[in-house]
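Some notes on the structure that comes next.
Lettering follows sequence order; numbering is per chain, from 1.
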Amino acid sequence: MNEKKKNYKDTLNLPKTNFDMRAGLLKKEPAMQAQWAKQNLYGQIRDARAGAPRFILHDGPPYANANIHMGQALNKVLKDIVIRYRNMTGYDAPMIPGWDCHGQPIEQKIVEQLGEKMATMTSMEIRRRCAAHADKFVNIQSEQIQRLGVLGEFDKPYITMTPEYESAVLEVFARLVEQGLVFRQLKPVHWSIENRTALAEAELEYHDREDDSIYVLLTTADPSALKGLFNLDDKTPAYLMVWTTTPWTLPANLAVAVHPDFEYSAVKFKHAGRDAIAVIASDLVEKVCGVGGVGKFEVLATARGAAMVDAGITYLHPLIDGKICPVVPANYVTLEDGTGLVHTAPGHGMEDYGTALKFDLEVYCPVREDGTLDETAPDWLIGKSVWDANPLVVDFLGNAGTLFHRQAITHSYPHDWRSKTPTIFRATEQWFVAVDGSMKRGTTLREMAMDACRKSADEGGMDFVPAWGRNRLAGMLESRPDWCISRQRSWGLPIPAFFDEAGLVLLTPASVRAVAKRFAERGSDCWFTDSPAELLADYNPADDPDLANPNTFDAAKLHTGHDIFDVWFESGSSWFAVAIQRGLVGEIPVDLYLEGSDQHRGWFQLSLLPALGAAGLPPFRTVLTHGFVVTEDGHKMSKSLGNTIDVIDQLSKRGADILRLWVASQNYQDDVRCSESLIAQSEDAYRKIRNTLRFCMGACCDFDPASDAAEPSEHSLDRWMRLELHQLVRDVRGAYDRYEFHRATRLMYEFCTVQASSIYMAAVKDRLYCELSDSPHRRATQAVLHEVLVTLVKLLAPILPHTAEEAWEHIPARDPNEPESVHLTLLPEYDEAMLEMAEDLRPVNPDLAQFSSDEIQVGPAWIWDRLLELRADGLVKLEALRNAGVKNPLDAEAVFSIAAADPAAEAFMETYLGELEDLLGVGYARIEKISSTSLQPVSDTLPIAVRVEDTREKYARCARSWKRRPDVGSDADYPDLSARDAEVMKTLGKSI
RNA sequence: GGGCUCGUAGCUCAGUUGGCUAGAGCACACCCCUGAUAAGGGUGGGGUCGUUGGUUCGAAUCCAACCGGGCCCA
C-alpha cells in the first residue's frame with residue numbers, strides 16, 4: 001500500500017524550487033551587497049535612467065562620531081525606499097550620502113582623550129586629531145549604512161570637512177555678506193575666566209557653590225508714576241525689589257523685568273527703622289517679608305505687571321548715580337524664587353539678552369576676558385575680579401540703605417569642566433546672520449521664509465508631509481532671533497574675517513571668495529598656517545567695491561579672526577555644496593528633504609535661511625519628517641536608561657531585510673515603537689512573504705510564460721486572483737507615491753496571507769499537483785502564479801532589496817528581456833480596464849440582485865464577494881464537522897442548495913461549482929434542488945445555501961488526489977482512482 | 001512653563017464628509033493537514049475607540065478640559 005501511494009506521488013507535479021525556505025540573510029546579504037558593489041549596481045541604475053526626469057532626495061548629513069543608532073537606521077531606510085521606488089518608476093533618482101564632520105562633540109571627545117596634554121597642543125594638532133576621528137566614523141557609518149542595504153554613491157559621498165565642501169560653504173557665506181545679512185554684535189556666552197575662553201553647554205559641569213543671595217531695593221526714579229499706578233498718596237519712599245545671586249552683575253543692570261500677567265503688590269513695612277514701600281509679586285509678599293525678617297507689613301494696593309509697564313515706571317540704577325532704567329515685560333519671569341521682579345543685565349544672561357534685543361537696550365558688559373571689571377564700571381570696582389566685586393557690591397548697597405536682605409545660599413552653578421572653576425555669562429562679539437535686516441534684494445529673511453511657509457511648492461513655497469510640518473516650521477521662523485553663526489572653538493570652518501590693528505574688520509564678498517579659493521586648494525587648515533597675505537593671495541583690494549579705503553589696505557598688518565562657523569551653517573549650505581555643485585540640479589529647490597521631526601528647528605530651517613538669502617529660493621520642494629524611535633511602551637530610548645535596541649546587533653542577529661520590513665511597517669509620522677518583540681514580529685511577517693514567493697516558484701517550476709501561457713477561463717478563480725493582484729499593484733503604487741510605506745507593506749503582507757496563501761494557493765493545489773502538467777487548466781493557474789510572483793518581487797524590491805534580488809534570480813523562466821537585477825526593472829503597471837470592468841459591472845440596484853432574474857448585470861468583483869461569502873459559511877460548517885470527527889475536508893462533500901425553480905441560481909452554481917469545491921478544499925461538491933420555502937440562503941443577495949456532509953461511508957477515497965468522490969472506481973483500469981485521476985494516469989501511460 | 005504633535009484589541013494598522021452589532025492581519029487558544037513541511041490550513045476568544053464633560057435624534061469621528069507619550073524650546 002505504501003509502495004503504491006508512493007508511486008502515485010511520483011505522478012504528481014509537486015512544487016520544486018531551490019529558493020531556500022530559510023532566508024539565511026546573515027550570510028546572503030553581505031554576499032549580495034559585495035556583488036552589487038562589484039557590478040556597480042548603483043552606477044548601472046544611473047546609466048539606465050540617464051536622461052529620465054530627475055528626482056532628487058538630498059541626504060541630510062548625520063554626525064560622524066558614533067555607530068549608527070536605530071533612528072538613523074529608520075531615516076536611511078526610509079530614504080532608500082524612496083530612492084529605490086523612484087528609480088523603479090522611471091525617475092533618475094541619485095543618492096549622494098553625506099556626513100557632518102566639524103563641531104563641538106568631536107572636539108570635546110578629542111580634548112577629553114588628550115587630558116593634560118591638551119595644554120601643549122596647537123589648534124592645528126587638535127584639528128588633525130578631530131579630522132582623523134571624523135574620518136574614522138565616516139567609514140564606520142558608511143559601512144553600517146550600506147549593511148542596511150542602502151543604495152548610493154558611497155564611494156564619493158559628501159564630507160563637510162573636505163576642501164571643496166568648505167569652499168562651497170564660504171561661497172554661500174559670501175552671498176549672504178553680499179546681501180548685507182552678516183553683522184557683528186555682542187552676545188552673552190558661557191565664559192571660563194580661568195581659560196579665557198567661551199564654553200559650549202556640553203563643556204559645563206554643575207557643582208554646588210555658595211553665593212550671596214541678596215534682595216535689593218531699587219529707588220523709583222519717578223515716585224509719582226508708581227504711586228499713581230498703585231493709587232498711593234503716601235510720602236513714604238517707594239522701591240522695586242529685585243533678587244540676585246550674582247551681585248557682581250548689578251553694575252551691568254539695565255532694566256527690571258516683570259511678568260505682564262502677574263499681580264504685584266505695593267507693600268509697606270519698616271526697613272532700617274524707617275517706613276518703606278516696595279513692589280513685590282503678590283504671591284511672594286509673605287515669603288519675601290518672612291525671609292527679610294519683616295514682622296509687620298501692609299499690602300496697600302495691587303497692579304498687573306502689564307500695568308506697571310504701561311505706566312512707564314522707572315528706577316534709579318543701584319550703583320551708578322543719575323542712571324535711570326525702565327521696567328519691561330518678560331514671560332520668563334517666575335514665582336519660584338526672588339521677588340517676581342527680575343534684575344536684568346543683558347550682557348550677563350541669555351534671557352536678559354533676549355529682552356535687550358526686544359526693547360533695544362544696550363548689551364552692556366563691563367567685564368573683561370580675565371574676569372575683572374573695566375573702566376566703565378564704578379570707580380571702586382574697576383580692576384576688581386567679579387568674585388571680589390561681590391562683597392563690595394553688597395557692602396555698597398548696605399551702606400546706601402538699599403539692601404533689604406542678604407543670606408548665603410548653596411545652589412547648583414555651572415563650572416568649566418576642565419579647570420573646575422565657576423563660569424560666568426559674559427557678552428562677547430559674535431557673528432550673526434540677520435533675520436529681520438533687509439537685504440539687497442529688498443525683503444528680509446524672515447519675510448521670505450514666512451512667505452515660503454504660506455505657499456505650496458508649486459507656488460514657489462514648500463510642501464510638507466505630514467501637513468502639520470508647515471505650521472511647525474512657520475512657528476519657529478516667526479519667533480527666531482538673529483542667527484548667531486560664530487563659535488569660539490578649533491574644530492570647524494573658520495569664519496574668514498580679518499582684523500587690522502585698530503580692530504576694523506575685513507569681510508567683503510570678494511575677501512570671502514578669495515579665502516574660499518585658498519580653502520578649495522588647501523583646505524581650511526591653511527587658515528591656521530598661512531599668513532593673511534597668503535590667504536588673500538587672490539584678493540585685489542582695488543577691485544573690491546565694498547572696501548572703504550583700498551589705498552590704505554595692507555595685508556601684512558592684518559590678523560585672522562579666531563571664530564569658526566556654527567556647524568549648522570555648514571550643513572545648511574549643503575543644497576549648494578552638493579545639490580548644485582555636484583550637478584544634481586541646475587537650481588534649487590530639490591524635490592525632497594527627509595529627516596526626523598527635530599530637524600524643523602535644525603537642518604530644515606537652517607538650510608532654508610541660507611538658501612533664501614544666497615539664492616532667493618527654498619532649497620526643497622517637499623519636507624518629509626518622521627518621528628523618533630521609542631521603546632515598546634512609547635518612552636524615549638537612551639543609552640543611559642539602557643533601553644535601546646542596537647542596530648548593529650539586530651543586523652547581525654536578523655539581517656537588514658528584517659529591519660527594513662520593520663521600518664516599512666511603521667507609520668513613521670508618529671513616534672516609532674521598537675523592541676525585540678516588535679522586530680521579531682517583522683521576522684514572522686518576512687517568513688510569510690518569503691514562503692509565498694517560494695510557493696509560486698515551486699508551482700511554476702515547469703512553466704515558461706513564453707511557451708506555456710494559457711489564458712484563465714472566464715469564471716475561474718485565476719481571474720479573481722489576477723483581479724486582486726492588479727488591485728494590489730494599484731494600491732501599493734499609490735501608497736508608495738504618497739510615502740505611505742506602512743500601507744504598502746500591509747497591503748502586500750495581507751495579500752500574501754489572505755488572497756494568496758489562504759485562499760488561492762490552497763485552492764489551486766489540486767489542479768497544480770494532480771492534473772496533467774500541460775493541461776490548460778493548470779497552465780492558466782501557473783500563468784497567474786507567475787504573474788503574482790514577478791509582480792510581488794518587484795513591488796517588494798524597494799523594501800526588501802536583498803530578498804527581492806534573490807527571488808528575482810530564482811524566478812522560473814524569467815523574461816529574458818528583463819534586466820539581470822530586479823533593481824534595474826520598472827514596477828509593474830496595473831490593467832485599469834480590467835479593474836474598471838470588475839467594479840463597473842456591480843449590480844445597478846443591489847436590492848434587486850437576487851439572481852432570480854437574468855436581467856441583472858453583475859461583475860466579477862461582486863460575484864467573487866458572494867463566492868467568498870459562501871466559502872466562509874462553508875468553512876464554519878466544515879469546522880463543526882471536524883469537531884464531530886471528520887478531520888479531513890477531503891472526507892467531506894459540500895452541498896449547495898438552490899430553489900427548484902431558479903434557473904439563474906442553477907446556472908450560477910454550475911458555473912462555479914468546481915471552484916467552490918477547491919475553495920472549500922472538500923473532496924466533492926454537488927448541487928441540490930429544494931423547495932424555495934425551505935431554502936435558508938447564506939445571504940440576502942444570494943439564494944444559495946451550503947452545508948457539508950461526512951462522506952467516509954458514502955464514497956471511496958481516490959488514492960492519488962485523496963478526494964472522496966462518487967466517481968472513484970469508475971474506470972476499471974484504475975479502481976482506486978477518481979475519473980479525473982484515472983484519465984491523467986492513462987495519458988501519462990503509466991500503470992500501477 | 002510654551003509651540004507642534006500623538007493616544008482605536010497584547011502588536012502593527014483600517015475606519016471617506018458624524019449613521020447598521022468598531023474592522024483586518026499578526027500574536028494567543030483550540031483543532032486539522034503532513035504532497036509549500038524548521039511549511040500550510042480552519043475556528044475562536046479579545047476593544048468603555050486615553051479620561052471627563054459638551055454639541056447632536058445619533059460621536060471613534062465635531063468642541064472643551066484633563067491625563068499620558070514624543071519632538072523642539074524655555
Side-chain angles (χ1 to χ4, degrees), chain A residues 5-6 8-17 19-22 71 259 330-336 350-351 354 466 468-476 478-480 596-602 605 625-637 661-662 664-667 669-673 675 677-682 684-685 687-688 690-699 740 742-743 745-747 749-754 757-759 761-763 765-766 768-770 871-872 874-883 886-891 920-921 960-962:
Chain A
K5 246 174 117 176
K6 199 167 179 219
Y8 278 126
K9 182 170 177 177
D10 290 343
T11 70
L12 298 172
N13 313 298
L14 293 179
K16 230 169 77 186
T17 176
F19 182 71
D20 299 333
M21 173 177 280
R22 302 187 65 194
H259 196 295
N331 288 323
Y332 55 78
V333 175
T334 71
L335 298 171
E336 293 291 307
M350 282 312 296
E351 290 172 329
W468 49 258
R470 182 183 302 279
N471 202 1
R472 181 159 182 190
L473 189 60
M476 288 172 178
E478 198 169 17
S479 60
R480 70 148 301 137
S597 62
D598 57 332
Q599 299 304 333
H600 284 105
R601 172 157 293 272
Q605 188 198 176
T625 54
H626 56 79
F628 272 62
V629 177
V630 295
T631 62
E632 199 163 15
D633 53 347
H635 289 81
K636 80 164 94 187
M637 279 191 179
L661 188 59
W662 166 75
S665 67
Q666 301 286 318
N667 181 359
Q669 296 194 0
D670 295 339
D671 292 321
V672 169
R673 290 170 190 239
S675 69
S677 67
L678 289 174
I679 300 176
Q681 196 174 310
S682 290
D684 290 342
R687 269 192 224 106
K688 185 72 188 189
R690 190 177 174 91
N691 269 309
T692 304
L693 299 178
R694 186 170 183 270
F695 181 88
C696 293
M697 292 174 198
E740 294 173 343
H742 73 284
R743 281 182 196 264
T745 304
R746 195 162 48 83
L747 283 165
Y749 177 53
E750 291 200 14
F751 178 86
C752 287
T753 307
V754 182
S757 270
S758 171
I759 299 176
M761 291 169 175
K765 276 194 219 173
D766 176 71
L768 286 172
Y769 297 170
C770 300
R871 171 181 180 267
L875 286 174
V876 172
K877 286 169 177 159
L878 269 176
E879 178 71 10
L881 198 62
R882 186 174 10 253
N883 292 332
V886 185
K887 299 300 187 185
N888 192 334
L890 293 174
D891 291 337
L920 287 170
R960 189 164 176 272
S961 68
W962 297 344

Considering every strand and a 4.0 Å limit on heavy-atom distances, what is the contact class for A:Met350: base, sugar-phosphate, or nothing? nothing
Starting at CG of A:Leu661 and ending at P of B:C13, how long is that distance when rounded to a whole Å? 12 Å
Nucleotide B:G70, atom P - distance to CZ of A:Arg673 in whole Å: 10 Å
Which is true for A:Phe695 with a 4.0 Å heavy-atom rule: it touches a base, it touches only sugar-phosphate, or it touches nothing? base
A:His600 atom NE2 is separated from B:C71 atom P, nearest whole Å, by 15 Å
Under 4.0 angstrom, heavy atoms only, what part of the nucleic acid is A:Gln666 near: base, sugar-phosphate, or nothing? sugar-phosphate
Could you check which of B:C13, B:G70, B:A36 has an atom nearest any side-chain atom of A:Tyr769? B:A36
Donor-acceptor pair between A:Glu632 and A:Ser677 side chains, under 3.5 angstrom: yes
Does the base of B:C71 carry an N or O that pairs as donor and acceptor with the side chain of A:Arg601 under 3.5 Å? no
Just checking A:Arg694: base, sugar-phosphate only, or nothing, at a heavy-atom cut-off of under 4.0 Å? sugar-phosphate
Any strand is fair game: report the nucleotide pairing with B:U55 by Watson-Crick or G-U wobble, both distances under 3.5 Å, or none. none
Regarding A:Gly634, tell me which of base, sugar-phosphate or nothing describes its non-hydrogen contacts under 4.0 Å with the strands shown. sugar-phosphate
Using distance alone, with no hydrogens and no angle criterion, decide if A:Thr631 and A:Arg673 have a side-chain donor and acceptor under 3.5 Å apart. no
Between C1' on B:G68 and NE2 on A:His635, what's the gap in Å once rounded to a whole number? 8 Å
Could you give the CG-to-P distance, from A:Asn331 to B:G2, as a whole number of Å? 11 Å
Please work out if A:Asp670 contacts a base, only the sugar-phosphate, or nothing of the nucleic acid, heavy-atom cut-off 4.0 Å. sugar-phosphate
Within a 6.0 Å radius of atom NZ on A:Lys636, are there more than 12 heavy atoms belonging to other residues, nucleotides or ligands? no
Under 4.0 Å, heavy atoms only, any strand: does A:Gln669 hit a base, just the sugar-phosphate, or nothing? nothing
Which part of the nucleic acid, if any, lies within reach of A:Asn667 when heavy atoms closer than 4.0 Å are counted: base, sugar-phosphate only, or nothing? sugar-phosphate
In 5'-to-3' order, the base (B), backbone-only (S) or no-contact (-) status of each nucleotide in nucleotides 41-47 of chain B, using a 4.0 angstrom heavy-atom cut-off, is SBS----
To the nearest angstrom, the CD-P distance between A:Glu750 and B:U12 comes to 15 Å
A:Asp671 CG - B:C72 C1' separation (whole Å): 13 Å
Candidates A:Arg746, A:His626, A:His742, A:Glu740 - the one meeting side chain to side chain contact (heavy atoms under 4.5 Å, CB included) with A:Asn667: A:His742
Only pairs with both distances under 3.5 Å count, Watson-Crick or wobble alike; so what is the partner of B:C26 in this structure? B:G10
Report the distance from atom CZ of A:Arg687 to atom P of B:C26, rounded to the nearest whole Å. 14 Å
